[in-house]
J.: 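Take a look at the following structure, please.
All of these numbers come straight from a predicted model, not from anything done at the bench. Side chains included, hydrogens not; waters and symmetry mates left out as well; all remaining heavy atoms used. So you know, we letter chains A, B, ... as the sequences are listed, proteins then strands, and number each from 1.
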Protein chains: 2
Amino acid sequence: MPDTTRRADRLPGNRYGNRPTMKDVAARAGVGLKTVSRVVNGEPGVTPETERRVQEAIDALGFRRNDSARVLRKGRTASIGLVLEDLADPFYGPLSRAVEEVARAHGALLINGSSAEDPDREQELVLALCARRVDGLVVIPAGDDHRYLEPELKAGVATVFVDRPAGRIDADVVVSDNFGGARDGVAHLIAHGHRRIGFIGDMPRIHTAAERLRGYRAAMADAGIPIEDSWMSLGVTDPVRVRRAAEEMLADPRPVTAIFTGNNRVTVTVIRVLAEQTRGVALVGFDDIELADLLQPGVTVVAQDAAALGRTAAERLFRQLDGTLLAPDRIELPTRLVTRGSGELPPAD
Amino acid sequence: MPDTTRRADRLPGNRYGNRPTMKDVAARAGVGLKTVSRVVNGEPGVTPETERRVQEAIDALGFRRNDSARVLRKGRTASIGLVLEDLADPFYGPLSRAVEEVARAHGALLINGSSAEDPDREQELVLALCARRVDGLVVIPAGDDHRYLEPELKAGVATVFVDRPAGRIDADVVVSDNFGGARDGVAHLIAHGHRRIGFIGDMPRIHTAAERLRGYRAAMADAGIPIEDSWMSLGVTDPVRVRRAAEEMLADPRPVTAIFTGNNRVTVTVIRVLAEQTRGVALVGFDDIELADLLQPGVTVVAQDAAALGRTAAERLFRQLDGTLLAPDRIELPTRLVTRGSGELPPAD
DNA sequence: CCCGCATCTGACAACGTTGTCCAGGCTCTA
DNA sequence: TAGAGCCTGGACAACGTTGTCAGATGCGGG
C-alpha cells in the first residue's frame, strides 16, 4: 500500500533522515558490525543461518549501504565524470549514451555536466568531479588550457579528451578527422563544378571549427581556387546571425553557388535559408541530421560517429584504469561523406 | 609546460594516488588542520596572513578537498540523480539539460543513467544512486511498481517522477497532458474530414502510450466514429514493425486516410512510409521533431515541452529539499498542437 | 581428556573531513 | 596594571564503512 504519511512527518531528524547504518542492522540481528559488512559485500565466512538473520534485519530496516563512507575507506568511487558542451545538442546525446554503456559494463556510474562552451564553467565542473573523486574523466573541452588538471593526472585520475584535444597538457585524445572530413566535403562540391563556395562555421578558437576551416581552405587550395573573404563567416552559430551570413553570401553580385556548413546547428539554419531561395544552392554540412534524407533535396553531410567517439574514449579510460594503457595517445576516427542530393546540385550560374 | 612523465610513473601508489589531504596542507603551511578547513570553506576567523600561507600550500600541493569525507560528515551530497529512458533520445536531451540547469542553480551536480526501458535496470540504477546518498531523485519510470523506494522516501530522499507517474507509491509527479494532447490531435484530423484514422503507438503498459491511446479513443468516440481493430497498432516502435504496420493500414481495401503516431520515433518512420505513397495521407504525431517544418508537407504535431517537464520536476525536487513543499502532488503540463500541413490534408477518398 | 586446527565472529583503527570546544594572546577599559 | 572580552588557532571526536587481527567456538585426533 502507498505510504500516506505527509512528507513533513518523514523529514530528516538528523542528517540522512535517520537512515539505518550497519550498526543498527547488527544490533537488530544480534551480530557484530563486521558480520553485517560481510553479508552486504558477499564475503565468505558467514554461516547461512547468520546470513539469513542479517538479511532479515536489512530488509526490515530498509538499510542501504552508504557509499560515501565506503569510498572514503576504499578509494575507488566506481563513477566517472563526463563534461560536455550541451546535453541537449543531438550530437552529444549518443556520445553520452555510449560513454554510459561502457561505464555500466565496468560497473561504474556516470556523472555529467554541461559546460555551455564556457571554459570557466568547464574547469569548475571538472574540479567538482575531482572533488568527488571520480575514477576517471571524459572531457569535451571548452577551454584550451588544461594545466589545472596536472595534479589530477599525477594523482592517477584517468582522463580522456573527446571531440577536441586537450590544451597544454599531455593526455589521451579521441577526435574525428575534422580536417579530412571537411576537405572531402568541399572537394565533393568542387567535383560537382562549384568554384564559389561559402563556409559558415564556429569560432576558430574551437579546435573542431578551426580544423574544418583548414579542411575548407585545403580543398580550395588543392583545386587552385582563391578564396574571397566574403565567402567565409566565422564564429557564427546562433540562428539569426547564421541566417544573415548566408543571405549576404547569396546576395553578392557574384554569389556563392554552394555552402559548406561547419556543424549541425549551422546546417539546420542554412537549410531554412536555402528553402526560401528560388535558385538552387548546393549544400554540404558537417554532422549528420535526423530526417536529412527526407528533405527536398536530401542533405549531403560529412557524418561523424558520435557514439564511436564516446565508446572509444570510455574504453581508453577504463584501460587507463586497468593499467593496460600506458602512454597517452591521439586517436582519430574517420568521417563519412553521405550524399543525398544537396551536395550534388550543379552550380546555378 | 606539459607533463611528460609516462603514465606508469604516476600511477597510484596508494589509494588516491597519494593525493594530499588537509593534514598535508596544514603541515606544509605550519598551521592546524582546522585552519585549513576554514580556509577551504571560506569560514571566518583566519587572518589574511595565515590564509595566504594556507592558500600557497594548497596550490603547491595541488590539494582538492575530498567530498566523500565531507559528505560523510555533513550528510548532504549536493548531487541529485536522474534516471531516464535513453539519453540518446532527442526528447530526453532537453529534459535532462533543464534538470541540470536547475540543479546547477542550487549548487548540485547531476548523476544520471539510462534505464533502457527495463524496470530491473531502473531499480538497480535508483538504488545505486541512493547508496551514493544523492539528495534527490528525478525518475522517468520504466517499471510500474516503486514500492522499493519506500525506505528512501521515509529517509527523506526528495523524489519526483516525470513524464510518467509512479507506481503504487505516493510521490510527486510531473507529466504532460498525454490524454488531452492526443485527443486534440485526433480531433484535429476529424475536423479536417477524416473518419478512418490509424493509431500507431507504444506498449500500453507504458503510461504515456496508454494515455495517448485513450485520447485517440476519446476523440473518435466524441465524433461517434467506431474504431476498427485494423486501425490500431500497439506496442510497436522499432522501424521495421512500424513500417509494416503503416503499410498494412494503407493497403486495406478501405484504407485509413490519416494516421496518428504515438511518439517521435514512430512519427519519423511513418513519415518515411508516407513519403513513398502517391496518395496524400494526413499525419499528426505526438512529440515535436526537428526540421518538421521543412518537410513537404510540414509535419503537424502535438508538442510537449520537454524542457518544462524537466525544469518543473527539478524545481519541485528542490522545494522538497527546502521543506517548502509538503504534500506530494501531480502536475500536468499542457501540450500544444502545431499545425504545419500534414495534419490539414483532406481525406483522399 | 586435552591439544591443535579450522571456522566463524567481533573489536578496533583508519579513511579525510567538519563541528565543538577550549587555550592562548591580544586589546581595551577601569 | 589587572581583569574582561574578543579574536585566532588547534585538539579531539564523530560521520559509516572496511581491513586487520585476535578471540571464541567446535571438532577431530592423539
J.: Figure out the CG/P separation between B:L33 and D:dA14, and round it to whole Å.
T.: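 Distance, rounded to whole Å: 16 Å.
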J.: It should be established whether B:T47 places a side-chain nitrogen or oxygen under 4.0 Å from OP1 or OP2 of nucleotide D:dT8.
T.: no
J.: When you measure from the side chain of B:D172 to the backbone N and O of B:D329, does any donor-acceptor pair fall under 3.5 Å?
T.: yes
J.: Assign B:G45 to base, sugar-phosphate, or nothing according to its heavy-atom contacts below 4.0 angstrom with the strands shown.
T.: sugar-phosphate
J.: Round to a whole Å and report the spacing from NZ of B:K74 to C1' of C:dG19.
T.: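 Going from NZ in B:K74 over to C1' in C:dG19 covers 9 Å.
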J.: Which whole-number value in Å describes the distance from B:K34 NZ to D:dA13 C1'?
T.: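 The distance from NZ of B:K34 to C1' of D:dA13 comes to 12 Å, rounded to the nearest Å.
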J.: Could you tell me whether B:V40 contacts a base, only the sugar-phosphate backbone, or nothing, with contacts defined as non-hydrogen atoms closer than 4.0 Å?
T.: nothing
J.: Rounding to an integer number of Å, can you tell me how far B:R38 CZ sits from D:dA11 C1'?
T.: 11 Å
J.: Any side-chain donor paired with an acceptor under 3.5 Å for A:T159 and A:E152?
T.: no
J.: Using whole Å, report how far CE of B:M22 lies from P of D:dG9.
T.: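 From B:M22 CE to D:dG9 P: 16 Å.
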J.: In whole Å, what is the span from the CG atom of A:N41 to the C1' atom of D:dG19?
T.: 12 Å
J.: Is the number of heavy atoms from other residues, nucleotides or ligands within 6.0 Å of CG (A:D118) greater than 12?
T.: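 Above 12, so yes.
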J.: Check whether any side-chain N or O of A:S37 sits under 4.0 Å from OP1 or OP2 of D:dG19, and answer yes or no.
T.: no
J.: For A:K23 and C:dA13, what is the distance between atoms NZ and P respectively, to the nearest whole Å?
T.: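 Whole-Å distance recorded here is 14 Å.
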J.: Between B:T50 and D:dG9, is there a side-chain N or O to OP1/OP2 distance below 4.0 Å?
T.: yes
J.: Using modelled atom types only, decide if a donor and an acceptor are shared between the side chain of A:R133 and the backbone of A:G75 within a distance under 3.5 Å.
T.: no
J.: How do B:G30 and B:A69 order along DNA chain D: which one's closest nucleotide is nearer the 5' end?
T.: B:G30
J.: Give the ring-plane orientation class for B:F161 versus B:H146, where under 30° counts as parallel, over 60° as perpendicular and anything between as tilted.
T.: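 Perpendicular: the ring planes of B:F161 and B:H146 meet at over 60°.
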J.: Between the base of D:dT18 and the side chain of A:R73, is there a donor and acceptor pair under 3.5 angstrom?
T.: yes
J.: Scan A:R65 against the nucleic acid and name what it touches under 4.0 Å (heavy atoms): base, sugar-phosphate only, or nothing.
T.: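 Here A:R65 touches the backbone only, sparing every base.
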J.: Which one of B:V83, B:L95, B:D86 satisfies the side chain to side chain contact (heavy atoms under 4.5 Å, CB included) criterion with B:I140?
T.: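 The side chain to side chain contact (heavy atoms under 4.5 Å, CB included) with B:I140 is passed solely by B:L95 among B:V83, B:L95, B:D86.
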J.: Given atom CG of B:N66 and atom C1' of C:dA14, what is their separation to the nearest angstrom?
T.: 14 Å
J.: Quick check: does any side chain N or O of A:E56 sit under 3.5 Å from a backbone N or O of A:A29, one acting as donor and the other as acceptor?
T.: no
J.: Scan residues 124-132 of chain B against DNA chain C and write down, sorted by residue number, each residue with any heavy atom closer than 4.0 Å; if none is found, say none.
T.: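 Those residues whose heavy atoms fall under 4.0 Å from DNA chain C, taken from residues 124-132 of chain B, amount to none.
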J.: Quick one: label A:V46 by what it contacts on the DNA or RNA (base, sugar-phosphate, nothing), any heavy atom closer than 4.0 Å.
T.: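 Here A:V46 touches the backbone only, sparing every base.
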